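Okay, so here's the structure we're looking at.
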Amino acid sequence: MSIAVTHGGLTAAPVPPEPEPAKVDYLNNGHSIWSWLFTVDHKRIGILYLISISVFFVAGGTAAGIVRLNLLSSSGFIVDEDAYNRAFTAHGVMMLFFFLIPAVPAVFGNFFIPMMIGTKDLAFPKLNIASWYVFMIGAAFAIWSVLAGGIDTGWTLYPPYSTRASQSYVIPGVVGAFISGFSSIMTGLNIMVTVHKMRAPGMTWSRLPLFVWSLYATSLIQLLATPVVAITLVLIAVERAWGVGIFDPALGGDPVLFQHMFWFYSHPAVYIMILPGMGVISEVLTCFSRKNVFGYHAVAWSSVGIAVVGFLLWAHHMFVAGISFYAALLFSLLSMLVAVPSAIKVFNWTATLYRGSITFQAPMLFSLGFVVLFIIGGLTGLYLATLGTDIHLHDTYFVVAHFHFVMVGGMVMGYFAGLHYWWPKMTGRMYSDWWSRVAASIIIVGFFFTFIPQFIMGYHGMPRRYPNYPDEFQFLNVMSTAGASILGIGYLMPAVYLTLSLFFGQKSPANPWSATGLEWASPSPPTVHNFDSTPVVVCGPYEYAIGVDQMGRGLPEPPGPGGAEGPHGKVGPTGPAGPMQKETHVVG
């Protein structure tokens with residue numbers, strides 16, 4: 001007991017009050033490495049995926065840097081032709097199979113789908129953590145194949161080169177992609193069952209957030225398309241190991257059959273990558289324009305439309321592969337058709353922005369960059385879907401630029417928009433608003449400098465994947481490499497300020513953006529089971545017009561033009577939201 005001296009003698013000093021126990025959230029509910037490796041909490045599993053795919057993003061980006069540096073010179077600059085082939089293959093495999101495909105579904109889908117529909121976890125928590133282990137086992141095979149010597153076939157693995165001629169480590173890479181595909185199937189199954197069976201009371205299909213719609217459509221593709229590429233990869237390994245004639249014409253096989261099977265998955269895989277990004281953009285644009293989504297049902301069903309039509313146009317990759325003229329006409333028409341649901345999204349996003357009270361925080365800047373770059377990528381895709389122009393542009397740098405405008409300008413921008421939008425909820429910390437806006441601007445500028453020159457080179461006939469090129473293309477290649485350097489700096493900046501925010505960032509209120517979704521009704525970071533009690537949904541997901549969330553409670557003050565803080569540096573109200581509104585007062 002503390003003793004205090006007074007004029008009357010010795011008296012006991014008052015006992016200081018006991019400090020309040022730390023709030024238990026998903027981050028501090030166990031600190032050992034085992035509590036993370038054996039967790040079944042969907043939020044922790046999302047963080048495990050976030051860390052894993054970040055490693056592959058760095059690895060794939062490093063391989064891309066080697067490719068771009070080598071192309072500074074028309075005769076090669078830092079590596080020989082064989083190492084160059086292995087570098088661009090490593091870039092494609094790492095980025096596609098181990099970053100782009102799992103990025104949003106595995107990170108944000110795992111973390112936020114249960115919170116957005118008002119439940120405590122995904123339908124199959126143990127299957128969820130098993131999916132991460134399966135992903136990491138597949139990744140280990142892929143990493144080993146790269147470190148042991150790499151693969152020189154390109155990420156498409158076309159036979160007979162991949163089955164007979166290549167002397168590189170094809171089978172370990174194929175096994176890695178095969179195993180990781182099961183992780184994609186597990187994640188898609190978990191999300192579909194969760195959305196069907198575990199929605200909160202009042203969460204009807206017409207009240208689902210558009211992010212949930214996009215992940216639902218993505219899960220449909222994952223379940224139906226991934227087994228096809230898994231079988232295809234197994235057949236590649238069987239033919240390479242035992243000489244069975246499946247795709248090799250010297251053994252009685254058909255290499256065009258491989259292309260049909262491979263692209264039947266790989267073109268829908270483009271929508272596995274881009275649809276989740278579209279869902280993120282729908283969430284961010286409506287929040288930072290303070291307007292209800294224009295045409296909610298059209299945007300929601302366009303996600304399903306993209307998923308369905310995406311299965312019908314794989315052969316536009318094969319216009320020069322020897323398919324019949326009439327088949328090529330049909331696939332050209334179907335390739336044009338997929339632009340319709342994509343255009344519906346873009347037009348409705350634009351209408352949502354129209355006359356909105358727009359603020360330009362980092363999530364909004366990344367989202368606007370997504371819209372602009374995705375439009376360019378989509379429009380240039382029409383050139384490749386047209387028979388006459390595709391014959392000229394096929395296998396040129398025009399294809400490389402188009403693909404990166406969709407995947408990097410689209411998907412990666414959507415991923416960064418989601419990361420900045422939900423980072424305060426995931427970590428309980430705010431990041432630097434100024435630096436995040438600078439990073440978004442640098443990434444957009446660097447992207448244009450990287451890939452616009454590639455459109456020009458491709459139009460003039462420079463083939464992709466070649467380490468050498470005519471001297472007339474050197475200026476454009478130097479410009480593209482300079483843009484890639486700017487892009488690399490832009491990607492490095494979020495890694496710095498987001499990491500620093502974990503230690504020095506301002507604590508985030510529960511709803512820093514004054515958004516309407518159920519995920520913002522939970523503390524930041526969320527508690528272990530997300531909600532103290534099951535929320536009851538009384539309205540649609542985007543009621544910004546009347547200022548209530550999905551439970552009918554009033555929203556806190558929206559952020560000012562400078563970020564999460566208002567114009568005077570004070571955070572808006574963070575206490576309990578307003579009283580429950582009657583269902584008749586809201587739309588939904």
Side-chain angles (χ1 to χ4, degrees), residues 24-57 94 97-144 175-199 211-212 215-216 218-219 221-223 226-227 230 272 276 415 418-419 422-423 425-428 519 522 525-531:
V24 177
D25 56 56
Y26 84 98
L27 288 173
N28 61 23
N29 183 35
H31 297 283
S32 70
I33 186 67
W34 305 113
S35 69
W36 282 85
L37 293 179
F38 294 104
T39 185
V40 291
D41 187 337
H42 67 99
K43 299 178 290 296
R44 284 195 166 196
I45 296 169
I47 297 298
L48 291 175
Y49 269 112
L50 174 63
I51 296 169
S52 304
I53 68 167
S54 297
V55 172
F56 286 108
F57 183 75
M94 295 291 182
F97 293 113
F98 299 102
F99 175 74
L100 287 170
I101 288 176
V104 174
V107 177
F108 302 135
N110 266 321
F111 201 108
F112 288 106
I113 289 291
M115 298 180 68
M116 295 176 101
I117 65 173
T119 188
K120 65 180 181 179
D121 210 322
L122 288 168
F124 307 115
K126 292 182 180 179
L127 185 69
N128 198 16
I129 186 62
S131 74
W132 179 74
Y133 277 105
V134 169
F135 174 80
M136 293 306 295
I137 292 170
F141 275 93
I143 292 172
W144 182 77
V175 170
F178 172 78
I179 294 174
S180 68
F182 284 95
S183 171
S184 183
I185 294 171
M186 292 176 183
T187 300
L189 175 66
N190 223 341
I191 289 174
M192 287 193 75
V193 175
T194 303
V195 173
H196 269 281
K197 306 299 289 185
M198 299 182 68
R199 302 191 304 274
F211 178 75
V212 179
L215 264 291
Y216 184 86
T218 302
S219 300
I221 304 174
Q222 289 173 305
L223 285 175
T226 307
I272 293 177
Y415 173 76
L419 188 63
W422 282 309
W423 184 263
K425 178 60 61 180
M426 297 168 75
T427 65
E519 74 269 28
S522 182
T527 56
V528 175
H529 296 298
N530 301 335
F531 305 98

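Predicted model only: the values in this text are computed from it and were never measured.
- From Asp41, atom CG reaches atom CG of Leu122 across 10.0 Å, with rounding to the nearest 0.5 Å.
- Phe141 CZ: 12 or fewer foreign heavy atoms inside a 6.0 Å radius.
- In plain terms, the two heavy atoms of Thr427 and Leu27 that are nearest each other are O-CD1, 4.1 Å.
- Asn29 places no side-chain N or O within 3.5 Å of a backbone atom of Val24 that could act as its donor or acceptor partner.
- Across all non-hydrogen atoms, the minimal contact from Pro526 to Lys425 is CD-O, 3.2 Å.
- Interatomic distance, CZ of Phe182 versus CD1 of Ile137, reported as 12.0 Å (0.5 Å rounding).
- Closest approach of Tyr133 and Leu37 over heavy atoms only: OH-O, 2.5 Å.
- Taking the side chain as every heavy atom from C-beta outward, Trp36 and Ile51 never approach each other to under 4.5 Å.
- For the pair Pro102 and Thr187, the minimum side-chain heavy-atom distance is 4.5 Å or more.
- Across every non-hydrogen atom of Gln222 and Pro105, the tightest pair is NE2-CB, 4.3 Å.
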- Apply the test side-chain contact (heavy atoms from CB on, under 4.5 Å) to residues Leu189 and Leu127: give CA-CA distance (whole Å), side-chain angles for both, the deciding distance (0.1 Å), then the verdict. CA-CA 10 Å; Leu189 175 66; Leu127 185 69; 4.2 Å; yes
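- For Tyr49 and Ser183, the side-chain atoms include at least one donor-acceptor pair closer than 3.5 Å.
- Closest approach of Asn110 to Ala106, counting heavy atoms only: ND2-O, 2.7 Å.
- Relative orientation of the Phe111 and His42 rings is perpendicular, given thresholds of 30° and 60° on the angle between their planes.
- When side chains are defined from C-beta on, Val107 does not count as touching Leu419, because their heavy atoms never get closer than 4.5 Å.
- The two residues Ile47 and Met426 have their closest heavy-atom pair at CD1-CE, 3.8 Å.
- To the nearest 0.5 angstrom, Thr39 atom OG1 is 5.5 Å from Arg44 atom CZ.
- A 6.0 Å sphere centred on NE2 of His529 holds no more than 12 heavy atoms belonging to other residues, nucleotides or ligands.
- Within the 4.5 Å cutoff, the side chain of Ser184 has heavy atoms near those of the Ile101 side chain.
- You'll find the side chain of Met136 reaches within 4.5 Å of the side chain of Ser52, heavy atoms only.
- In this structure, Phe56 has its ring center no closer than 6.0 Å to that of Phe99.
- The side-chain contact (heavy atoms from CB on, under 4.5 Å) test with Leu215 is passed by exactly one of Val195, Ile191, Thr194: Ile191.
- Under the 4.5 Å side-chain criterion, counting only non-hydrogen atoms from C-beta, Asn128 is not in contact with Val40.
- A donor-acceptor distance shorter than 3.5 angstrom exists from the side chain of Lys43 to the backbone of Val528, with no hydrogens or angles considered.
- Distance check, rounded to the nearest 0.5 Å: OG of Ser219 to CD1 of Ile113 gives 7.5 Å.
- Aromatic ring orientation, Phe112 versus Phe108: tilted (interplanar angle from 30° to 60°).
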